[in-house]
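Structure first, then comments.
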Amino acid sequence: QVQLVESGGGLVQAGGSLRLSCAASGRILSGYDIGWFRQAPGKEREFVGAISWTGGSTSYADTVEGRFTVSRDNAATTVYLEMSSLRSEDTAVYSCAARPGDYSGSFRRQESYDSWGQGTQVTVSS
């Protein structure tokens, strides 16, 4: 398991952009798939997007496809979630999660991730 820390959340107007970061405390993220999930008040946690440990594969929820981008830096220290054209319905606590890169199942499967960050709040005002 790895300790994950998210940052970059905040308040933004509808139509605006925000970039979230996910870093591992004291180590690099190489060898791990990283997923982003979000949970709005009163709702179940849902998949947002993910990137494979090589960076060669990404996956997105239909609700964010074309607006959000997951990427990772070459030094494998940080994974980013770039969010644009934000909507009020994007308001949620966003968390990143890690799983070993040799896992072959769907990125969307929350149970496959064994390390989670504490989350960062994103609020989109309309």
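Side chain of R72 to main chain of S52: a donor-acceptor pair is present (N/O by atom type, distance under 3.5 Å, no hydrogens or angles). The backbone N or O of Q1 sits nowhere less than 3.5 Å from a side-chain atom of Y32 that would complete a donor-acceptor pair. The main-chain N or O of R45 is found under 3.5 Å from a side-chain atom of Q110 such that the two form a donor-acceptor pair. A donor-acceptor pair is defined here as one N or O able to donate and one able to accept, closer than 3.5 Å; no such pair exists between the side chain of R108 and the backbone of V48. A donor-acceptor pair is defined here as one N or O able to donate and one able to accept, closer than 3.5 Å; no such pair exists between the side chain of S84 and the backbone of S17.
Hydrophobic clustering (side-chain heavy atoms under 4.5 Å, transitive across Ile, Leu, Val, Met, Phe, Trp, Tyr) groups L18 together with V64.
Annotation for A98 and V2: closest pair CB-CG2, 3.9 Å, computed over non-hydrogen atoms. Between T77 and L29, the shortest heavy-atom contact is O-CD1, 3.9 Å. In terms of heavy atoms, G49 sits closest to V70 at C-CG2, 4.0 Å. Nearest heavy atoms, L4 versus C96: CD1-O, 3.7 Å. Heavy-atom minimum distance, T78 versus A23: OG1-CB, 4.4 Å. Between D114 and P100, the shortest heavy-atom contact is OD2-CD, 3.9 Å.
Counting only heavy atoms from C-beta outward, the side chains of F47 and S59 approach each other to under 4.5 Å. Proximity of Q121 to L11: side-chain heavy atoms (C-beta onward) are nowhere separated by under 4.5 Å. Looking at heavy atoms from C-beta onward, F107 lies in side-chain contact with Y113 at the 4.5 angstrom threshold. For the pair D90/M83, no side-chain contact is recorded, criterion being any heavy-atom separation below 4.5 Å from C-beta on.
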Problem set entry | Residue pair E6, S95: steps toward the side-chain contact (heavy atoms from CB on, under 4.5 Å) verdict | CA-CA 7 Å; E6 303 94 338; S95 300; 3.6 Å; yes
For this session: Could you go through the side chain to side chain donor-acceptor pair (under 3.5 Å) check for S112 and R99 one step at a time?
Result: CA-CA 7 Å; S112 66; R99 71 182 193 186; 2.8 Å; yes
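By the neighbour-count criterion of 12 heavy atoms within 6.0 Å, atom CD of Q3 is sparsely surrounded, having that number or fewer from other residues, nucleotides or ligands. Applying the 6.0 Å contact sphere to CH2 of W116 captures more than 12 heavy atoms from other residues, nucleotides or ligands. Environment of CD in Q13: sparse, with no more than 12 heavy atoms of neighbouring residues, nucleotides or ligands closer than 6.0 Å.
W36 has its ring centre no less than 6.0 Å from the ring centre of F68.
Distance CG/D33 to CG/D102: 8.5 Å, rounded to 0.5 Å. If you take CG on L86 and OG1 on T123, they are separated by 11.0 Å, rounding to the nearest 0.5 Å.
In this structure, R38 is not positioned above the aromatic face of Y94 in the sense of NZ or CZ being under 6.0 Å from the six-membered ring centre and within 45° of the axis.
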